[in-house]
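As the structure is a prediction and not an experimental result, all values here were calculated from the model.
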Amino acid sequence: QESKEFQGKTMISKEVIIIRHARSNHNIGKTNDLDGEITSFGFKQAANVADYLSSEFDLKEYSFFTSPFLRCLQTSAVISEKTNHIPIVDENIKESLNHYNLKVSIKNHKENFPNFVWDSIDEKGIECGPEFNEHFLNRMLNFYHSLPEKSVVVTHGLPAILLVNIASNPMIRSIPVWDYSIDNCSISVVKKGRVVWYGRNLYHEFDYNKDLYYTDIHDLHKK
């Protein structure tokens with residue numbers, strides 16, 4: 001069995017880019033469907049993130065993971081088209097539904113995203129619902145432990161917040177409180193245990209412009 005010290009060193013050796021999904025119809029109250037689509041503005045957010053990542057990051061050695069919820073799949077599809085990465089669909093980074101007192105069936109969307117890797121997702125889809133905080137923490141810990149050294153992850157708000165905390169604190173034992181810094185399509189970067197970006201939002205009102213970000217991204221790469 002690994003010692004806690006060794007486990008900690010293993011965890012903080014990783015580099016992970018964590019992206020919350022783009023704005024969805026559920027986010028703005030247009031639907032009660034917890035597996036709803038992203039909005040037209042959400043597609044613009046995803047396109048900006050895609051342009052930003054492909055322009056400013058060297059992602060050749062990165063793997064790409066996404067939640068099986070439709071809003072994450074749509075966000076990932078836009079990003080993968082620019083970065084040429086094939087997303088791996090992973091149930092461990094699905095939404096946390098502890099604020100809903102019901103079970104939700106999430107469809108397997110493989111037919112709409114056939115180039116994604118669906119090996120771990122049942123053909124009938126997945127069942128989601130409230131879970132103990134310990135279970136939520138453990139599934140996210142298991143996901144993080146399974147990540148390669150460098151990864152891009154598209155997930156949901158609270159899973160994103162928790163994943164940032166796990167990546168920077170190997171001994172985490174509780175669920176962090178909600179933080180509005182993690183907005184739709186915000187980007188967080190943790191490099192070897194250090195949070196160098198947290199909830200970075202792009203200028204989604206405008207098309208991507210390299211000049212808006214050059215100095216900022218240059219400083220990130222130096223850290």
Handout entry: N27 side chain vs S24 backbone, donor-acceptor pair below 3.5 Å
Key = yes
Problem - For N133, all residues meeting side chain to side chain donor-acceptor pair (under 3.5 Å), sequence neighbours excluded - result: N98
Exercise for the section: Using a 4.5 Å cut-off on heavy atoms from C-beta on, say whether the side chain of V16 contacts that of V153. Expected result: yes
Fill in the blank from the handout: Residue set satisfying salt bridge (charged side-chain N to carboxylate O under 4.0 Å, His left out) with E91, at least two apart, ordered chain then number -> K94
Practice task
State whether a side-chain donor-acceptor pair under 3.5 Å links T31 with D33.
Solution key: no
Practice task
Determine whether more than 12 heavy atoms belonging to other residues, nucleotides or ligands lie under 6.0 Å from atom CG of N32.
Solution key: no
Practice task
Taking the six-membered ring for Trp and the single ring otherwise, decide whether the centroids of F57 and Y62 are under 6.0 Å apart.
Solution key: no
Completion exercise
Hits for ring pair (Phe, Tyr, Trp, His ring centres under 6.0 Å) against Y198, two or more places apart or cross-chain, chain-then-number order -> none
Problem - I187 and Y52, any side-chain heavy atoms less than 4.5 Å apart - result: yes
Practice task
Taking salt bridge (charged side-chain N to carboxylate O under 4.0 Å, His left out) as the test, write out the residues that go with D51, two or more places apart.
Solution key: K82
Handout entry: ring pair (Phe, Tyr, Trp, His ring centres under 6.0 Å) partners of Y203, counting only residues at least two apart
Key = Y213
Exercise for the section: State whether the side chain of K14 and the backbone N or O of L147 hold a donor-acceptor pair below 3.5 Å, judged by distance alone. Expected result: yes
Handout entry: Check: V49 and H204 side chains under 4.5 Å, non-hydrogen atoms
Key = yes
Handout entry: Donor-acceptor pair between D183 and S186 side chains, under 3.5 angstrom
Key = no
Practice task
Could you check if a side-chain atom of I166 sits within less than 4.5 angstrom of a side-chain atom of V164, using non-hydrogen atoms only?
Solution key: no
Exercise for the section: Check whether I19 and F43 end up in the same hydrophobic cluster, where Ile, Leu, Val, Met, Phe, Trp and Tyr are linked by side-chain heavy atoms less than 4.5 Å apart. Expected result: no
Practice task
Tell me whether F41 is reachable from L202 by hopping between hydrophobic residues (I, L, V, M, F, W, Y) whose side-chain heavy atoms are closer than 4.5 Å.
Solution key: no
Practice task
Check whether more than 12 heavy atoms from other residues, nucleotides or ligands sit under 6.0 Å from atom CD1 of I28, and answer yes or no.
Solution key: yes
Handout entry: Side chains of Y144 and S151 in contact at under 4.5 Å (non-hydrogen atoms)
Key = no
Handout entry: pair F136-L158: side-chain heavy atoms closer than 4.5 Å
Key = yes
Problem - salt bridge (charged side-chain N to carboxylate O under 4.0 Å, His left out) involving E61 - partner list, sequence neighbours excluded - result: K150
Problem - Close side-chain approach of F64 to I86, heavy-atom, < 4.5 Å - result: no
Problem - Where at least one partner belongs to residues 123-147, residue pairs that pass salt bridge (Lys or Arg N to Asp or Glu O under 4.0 Å), sequence neighbours excluded - result: E131-R139
Practice task
Check whether any side-chain heavy atom of N165 sits under 4.5 Å from a side-chain heavy atom of V195, and report yes or no.
Solution key: no
Practice task
Determine, using the 4.5 Å side-chain heavy-atom cutoff (strictly less than), whether V78 and L53 are members of one ILVMFWY cluster.
Solution key: no
Pairs of donor and acceptor atoms involving the side chains of residues 70-77, under 3.5 Å and at least two apart or interchain, shall be tabulated with distances.
{"unit_1": "R71", "atom_1": "NE", "unit_2": "H21", "atom_2": "NE2", "d": "3.2"}
{"unit_1": "R71", "atom_1": "NH1", "unit_2": "L34", "atom_2": "O", "d": "2.5"}
{"unit_1": "R71", "atom_1": "NH2", "unit_2": "E95", "atom_2": "OE2", "d": "3.2"}
{"unit_1": "R71", "atom_1": "NH2", "unit_2": "H156", "atom_2": "ND1", "d": "3.4"}
{"unit_1": "Q74", "atom_1": "OE1", "unit_2": "I38", "atom_2": "N", "d": "2.8"}
{"unit_1": "T75", "atom_1": "OG1", "unit_2": "A22", "atom_2": "N", "d": "3.0"}
{"unit_1": "T75", "atom_1": "OG1", "unit_2": "R71", "atom_2": "O", "d": "2.7"}
{"unit_1": "S76", "atom_1": "OG", "unit_2": "T66", "atom_2": "OG1", "d": "2.9"}
{"unit_1": "S76", "atom_1": "OG", "unit_2": "C72", "atom_2": "O", "d": "2.8"}

Problem - Partners passing side chain to side chain donor-acceptor pair (under 3.5 Å) against Y208 (at least two apart in sequence or in another chain) - result: S55, E56
Exercise for the section: Quick one: list whatever passes side chain to side chain donor-acceptor pair (under 3.5 Å) with T83, sequence neighbours left out. Expected result: H85
Would you mind writing out the side-chain donor-acceptor pairs for residues 108-117 within the sub-3.5 Å range, not counting sequence neighbours?
{"unit_1": "N108", "atom_1": "OD1", "unit_2": "K110", "atom_2": "N", "d": "2.8"}
{"unit_1": "N108", "atom_1": "ND2", "unit_2": "D122", "atom_2": "O", "d": "2.9"}
{"unit_1": "H109", "atom_1": "NE2", "unit_2": "D35", "atom_2": "OD2", "d": "2.7"}
{"unit_1": "E111", "atom_1": "OE2", "unit_2": "K107", "atom_2": "NZ", "d": "3.1"}

Practice task
Verify, without hydrogens or angle tests, whether K44 (side chain) and E205 (backbone) share a donor-acceptor contact under 3.5 angstrom.
Solution key: yes
Problem - By ring pair (Phe, Tyr, Trp, His ring centres under 6.0 Å) - contacts of Y180 (at least two apart) - result: W178
Exercise for the section: Working to the nearest 0.5 Å, report the span between NZ of K191 and OG of S13. Expected result: 13.5 Å
